[in-house]
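Chain naming here is simple, since letters A, B, ... match the order of the sequence lines and numbering starts at 1 in each. Owing to the predicted nature of the structure, the values given are computational and were not obtained by experimental measurement.
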Amino acid sequence: MSPPIDFSLRRRTLLAGTAAAAAFSAVNRGGAAAQSTGATAGPETTTVTLSVNGEERELTVDNRTTLLDALREHLQLTGTKKGCDHGQCGACTCTVNGERINSCLSLAVMHDGDEVETIEGIGQPESMDPMQAAFVEHDGFQCGYCTPGQIQSARKVIEEIRAGIPSHVTGDLTAEIAITDAEIRERMSGNICRCGAYANILAAITQVAEESA
Amino acid sequence: MRAFSYEKPADPAAAAARAAEVEGAKFLAGGTNLLDLMKLEIETPLHVIDVNGLGLDEISETEEGGLRVGTLVTNTALSADSRIRRDYPLLTRAIAAGATGQLRNKATTGGNLLQRTRCPYFYDTNMPCNKRAPGSGCGALTEGAFSRQLGVIGTSDACIATHPSDMAVAMRALDAVVETVTPAGMTREIPLEEFHLLPGDTPEDETALMPGELITHVRLPAPVGGTQEYHKVRDRASYAFALVSVALVRQADGSGRVALGGVAPKPWRSDAADAELPNGASAVMSVLLDGARPTEENAFKITLAERTLAAMLKEA
């Protein structure tokens, strides 16, 4: 296992968190935490094997490690970004077993044997995925921080529409779903862009959808 | 997040038995709500029982002509199932109105029912909250509190939080039944109507589940037909919790069913209000929201609920 990149910082954060938790349990009189001994029922680390971008990676992680932190800090795949860390911004979006998920709201230990694809596996500067190329062509970003998540989502949005998965703006639930601006916008609502490149992101996705039709 | 031990049990009954036996144990399914709460240390399990892989991810047909949905069926899979889209469109509409594509790909059927309130006072551990820290008071009922999103009916002096689910509102209108396995290995059925508890003096008790009891399925009775619609009113066009949502099933003769989301600690429906449907939105809401106790900030929800239903009836 590779050590976390910023171990000292994480250690300090952890200690601060523990102190706050202790203070909280003191007032949590009726809650389960106040009655507990605070002891866990077994090991606090687990060894998992993930297939990441087609390569098997064995990791021993603290059970608390999110899939996002496993990718970034243990596997040094820093293309997947940490934005809010609470499933609200979509910067951490990556693909697990073919479906896009928020990697910040999933534990690494839940993914033993799963196939994970990150932005690094989708394309590289010299061999870009069509969606990456379309984002470049249409200026689908400014600062670029949300972009890996946007691209991961965008590729899956087209697949989800073609697979007939309905959205909030879908009309007839039993008919084929058309790839419209409204469908793309609704399905991309889990990816926030603080620079506000939405119009250009929409243009990029539309182009890829049309080219792959 | 606090440290925890982790296990994957062999079957649902073993999962329930372990959950009752191990101190501080908690089930983990999709994790989209639980992990968020664990990061904030609102949930602090000492032991996590991962129920993924227990084979509860199928949708099967029942003898009574309905569907039995495994608790691990994701929100995406449930909303996209061709039988659900054809025979229970209300459920597809409600699920698609909630969360985001990424979240719906992980969020599960049972987990959606068990998600916690998004009340800002429940989420802020610096604030009092009777649900999070029993006896500490209700931050939402203090002077000048922000209660715009919170409940108007079924609430108590101890808690005015709402249940945030869209899916559950549709399931309530469809008379869904929750199936469970107890720590003793027995199966049990709980009508969704009785599944979520009103806060009363004990807002920390949210469901009829006993300690360790695991949801295995949600059963939908035979399709009820009619016109089915889910209308969600929220502050953004997408990815926001409901201020008010209305689930409506309307039959050709004018009869039907109405369930509300965003207004109460559980999906809100009554037979007496359903019976008023032929008499219009005002008649329905005067029965369904009778006894409402809104705050100054969220009194608008009562008008909003009536107008939302009125608009739906006009379009239907």
Can you check whether B/Val246 reaches B/Met312 side chain to side chain, under 4.5 Å on heavy atoms?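 Answer yes - side chains close enough.
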
Can you name the closest pair of heavy atoms from B/Val169 and B/Ser165 and give their distance?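 For B/Val169 and B/Ser165, the tightest heavy-atom pair comes out as CG2-O, 3.3 Å.
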
Which heavy-atom pair separates B/Ser245 from B/Tyr230 by the least distance, and what is that distance?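 Taking B/Ser245 first and B/Tyr230 second, the nearest heavy atoms are OG-OH, 2.7 Å.
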
Can you tell me how far [atom2] of [Y] sits from [atom1] of [X], rounded to the nearest 0.5 angstrom?
X        : Y        : atom1 : atom2 : value
A/Ile201 : A/Phe135 : CD1   : CZ    : 5.0 Å
B/Phe4   : B/Thr44  : CZ    : OG1   : 12.0 Å
A/His86  : B/Thr32  : NE2   : OG1   : 13.5 Å
A/Cys193 : A/Asn200 : SG    : CG    : 9.0 Å
A/Asn63  : B/Tyr6   : CG    : OH    : 8.0 Å
A/Arg185 : A/Ile205 : CZ    : CD1   : 10.0 Å

Heavy-atom pairs under 4.5 Å with chain B: which of [options] has the most?
options                               : answer
A/Asp85, A/Val96, A/Thr66, A/Val169   : A/Asp85
A/Met110, A/Arg187, A/Glu99, A/Glu186 : A/Met110
A/Thr93, A/Asn102, A/Ile165           : A/Asn102

Is it the side chain or the backbone of [X] that comes within 4.5 Å of chain A heavy atoms, both, or neither?
X        : value
B/Thr92  : side chain
B/Ala240 : neither
B/Asp36  : both
B/Leu28  : side chain

Could you check whether [X] pairs with [Y] (Lys NZ or Arg NE/NH1/NH2 to Asp/Glu carboxylate O, under 4.0 Å)?
X        : Y        : value
B/Glu7   : B/Arg18  : yes
A/Asp69  : A/Lys82  : yes
B/Lys131 : B/Glu206 : yes
B/Arg250 : B/Glu229 : no

Using only heavy-atom distances, determine whether the side chains of A/Glu44 and B/Ser5 contain a donor-acceptor pair under 3.5 Å.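 Distance-only check fails for A/Glu44 and B/Ser5.
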
Tell me yes or no: between the side chains of A/Ser189 and B/Ser238, is some donor less than 3.5 Å from an acceptor?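 Yes.
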
Show your reasoning for whether salt bridge (Lys or Arg N to Asp or Glu O under 4.0 Å) applies to B/Arg116 and B/Glu43. CA-CA 10 Å; B/Arg116 312 293 303 275; B/Glu43 294 275 12; 2.8 Å; yes

Hey, which of B/Gly101, B/Gly31, B/Ala99, B/Ala237 has the most heavy atom pairs under 4.5 Å with chain A?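 Result: the option with the highest number of such pairs is B/Gly101.
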
Looking at B/Met38, B/His47, B/Lys39, B/Lys8, which has the largest count of heavy-atom pairs under 4.5 Å with chain A?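 The answer is B/Lys39.
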
Per-residue contacts, residues 74-85 of chain B versus chain A, heavy atoms under 4.5 Å: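 Expected list: B/Thr76, B/Ser79, B/Ala80, B/Arg85.
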
Contacts with chain A made by residues 105-113 of chain B (heavy-atom distance under 4.5 Å), listed by residue number: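 Hits under 4.5 Å: B/Asn105, B/Lys106.
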
Residues of residues 151-164 of chain A near chain B, each having a heavy atom less than 4.5 Å away: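 The list, in residue order, reads A/Ser153, A/Glu160, A/Gly164.
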
Name all pairs fulfilling the side chain to side chain donor-acceptor pair (under 3.5 Å) condition that reach into residues 106-119 of chain A, sequence neighbours left out, sorted by first residue then second.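 Sorted result for residues 106-119 of chain A: A/Asn53-A/Thr118, A/Asn97-A/Asp114, A/Ser106-A/His111, A/His111-A/Asp114, A/Thr118-A/Glu120.
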
